[in-house]
Visitor: 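A single structure is presented below for examination.
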There are 2 protein chains.
Amino acid sequence: MDIKTQNRLEAKARIIKAMAHPTRLFIVETLAKHEHCVCELTALIGADVSTVSKHLSILREVGIIDDEKRGSSVYYQLKMPCVMGFFSCVDTVIKANAQGQLKCIR
Amino acid sequence: MDIKTQNRLEAKARIIKAMAHPTRLFIVETLAKHEHCVCELTALIGADVSTVSKHLSILREVGIIDDEKRGSSVYYQLKMPCVMGFFSCVDTVIKANAQGQLKCIR
DNA sequence: CTCCTATTTGGCAATATCGCCAAATCGCCA
DNA sequence: TGGCGATTTGGCGATATTGCCAAATAGGAG
């Protein structure tokens, strides 16, 4: 594998890795409906605010979400809605796996 | 976040995490063209065979690729071609990030 | 049966990720 | 100006990932 390919794939992996966590998937799915401030997300997730803030910064750094300070809160919104379509393939894989399981049980 | 959502997102994250590595992205992209045996992939990647084998088993366990023993080799093929479409969104994010960078430089 | 090739598995050290607490910022309002 | 609520950052222990080597396993050829 040449250096150029290596760099391209590392950039790609960095973005995919940002989504490879249940809490961050929840954030993306929640922001897909509409924007939320950190305090709202924290309440929905049920983890420490600092934990949620770090998850948000991971998603922001790779350019998937965007933040906007308004009043005393920071509102986050989904910048790349295409990731939602991206997830449908993952659901397909899950469904296919379930089918495979069924076949084995029979 | 309720237990059911938690479980659903964990299953989703497991699959996404399997792709969140440069070498495994290379494997998926390479298998998208046509099947390859472990020795071919190892030569293309340039890592230890055992390392490549472990990457392959990670992708196989989440149901993205499939293996088939033929002769003395094990051939792997892409079981879920939809992941390729999945990647186009990631490329969109990378392009958008590059655009953003440009704006800052100007 | 025995050697040889292809692949997988075990194990280990280096590194990265995760989630919480505590502390630092930051803007706003009395 | 001082304090308050919202958010981010620093840091730490616990856990997970990564890649290599060595060893185990599996099949085919001689």
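Not measured: the values here are computed from a predicted model. In what follows, chains are A, B, ... by sequence order, proteins preceding strands, each numbered from 1.
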Visitor: Would you please name every residue forming a side-chain contact (heavy atoms from CB on, under 4.5 Å) with B:Gln77, sequence neighbours left out?
Guide: B:Glu35, B:Asp66, B:Glu68
Visitor: Under 4.0 angstrom, heavy atoms only, what part of the nucleic acid is A:Ser50 near: base, sugar-phosphate, or nothing?
Guide: base
Visitor: Kindly write out the residues that satisfy side-chain contact (heavy atoms from CB on, under 4.5 Å) with A:Thr5, not counting sequence neighbours, or none if the list is empty.
Guide: A:Met1, A:Asp2, A:Arg8, A:Leu9, B:Phe26
Visitor: According to a 4.5 Å side-chain heavy-atom criterion applied to Ile, Leu, Val, Met, Phe, Trp and Tyr, with indirect links allowed, do B:Val38 and B:Ile58 form part of one hydrophobic cluster?
Guide: no
Visitor: Mind checking whether B:Val28 and A:Ile16 sit in one hydrophobic cluster, side chains of I, L, V, M, F, W, Y counted as touching below 4.5 Å?
Guide: yes
Visitor: Under a 4.5 Å cut-off applied to non-hydrogen side-chain atoms, are A:Lys69 and A:Tyr75 in contact?
Guide: no
Visitor: Any salt bridge (charged side-chain N to carboxylate O under 4.0 Å, His left out) involving residues 72-90 of chain A? Give me the pairs, sequence neighbours left out, ordered by first then second residue.
Guide: none
Visitor: Assess whether side chain to side chain contact (heavy atoms under 4.5 Å, CB included) is satisfied between A:Lys17 and B:His21, documenting all intermediate values.
Guide: CA-CA 8 Å; A:Lys17 197 181 296 186; B:His21 189 285; over 6 Å; no
Visitor: Tell me, please, which residues at least two apart from A:Arg60 pass salt bridge (Lys or Arg N to Asp or Glu O under 4.0 Å).
Guide: A:Asp67
Visitor: Could you tell me from which nucleotide to which nucleotide of DNA chain D, 5' to 3', there is an atom under 4.0 Å from chain A heavy atoms?
Guide: D:dA6 to D:dG11
Visitor: For nucleotides 12-19 of chain C, give me one character per nucleotide, 5' to 3': B if any protein heavy atom sits under 4.0 Å from the base, S if the only such contacts are to the sugar-phosphate, - if neither.
Guide: -----SSS
Visitor: Let's see if you get this right: which residues in residues 64-73 of chain A place a heavy atom under 4.0 Å from DNA chain D?
Guide: A:Ser72, A:Ser73
Visitor: I need the A:Ile15 CD1 to A:Ile64 CD1 distance, nearest 0.5 Å.
Guide: 6.5 Å
Visitor: Nearest 0.5 Å, please: how far is CD in A:Glu29 from CZ in A:Phe87?
Guide: 6.5 Å
Visitor: Looking only at atom types and distance, does a side-chain atom of B:Thr92 sit under 3.5 Å from a main-chain N or O of B:Ser88, one as donor and one as acceptor?
Guide: yes
Visitor: What nucleic acid atoms does B:Tyr76 come within less than 4.0 Å of, heavy atoms only: base, sugar-phosphate, or nothing?
Guide: sugar-phosphate
Visitor: Name every donor-acceptor pair, under 3.5 Å, that has one atom in a side chain of residues 47-57 of chain A and the other anywhere in the protein, sequence neighbours excluded.
Guide:
residue : atom : partner : partner atom : Å
A:Asp48 : OD1  : A:Ser50 : N            : 2.9
A:Asp48 : OD1  : A:Ser50 : OG           : 2.8
A:His55 : ND1  : A:Arg24 : NH1          : 3.1
A:Ser57 : OG   : A:Lys54 : O            : 3.0

Visitor: Under a 4.0 Å heavy-atom cut-off, which of residues 29-40 of chain A touch DNA chain C?
Guide: none
Visitor: Return each pair, listed once, that meets salt bridge (charged side-chain N to carboxylate O under 4.0 Å, His left out) where at least one residue sits in residues 81-101 of chain A; pairs must be two or more places apart or across chains.
Guide: A:Asp91-B:Lys12
Visitor: Does A:Leu31 have any side-chain contact (heavy atoms from CB on, under 4.5 Å) partners at least two apart in sequence or in another chain, and if so, which?
Guide: A:Ile27, A:His36, A:Leu41, A:Ile65, A:Tyr76, A:Leu78
Visitor: Quick check on the helix from C:dC1-D:dG30 to C:dA30-D:dT1: what's the angle between its two end axes, five base pairs per end, to the nearest 10°?
Guide: 10°
Visitor: Compare all side-chain heavy atoms of A:Asn7 with those of A:Lys4 and state whether any distance is below 4.5 angstrom.
Guide: no
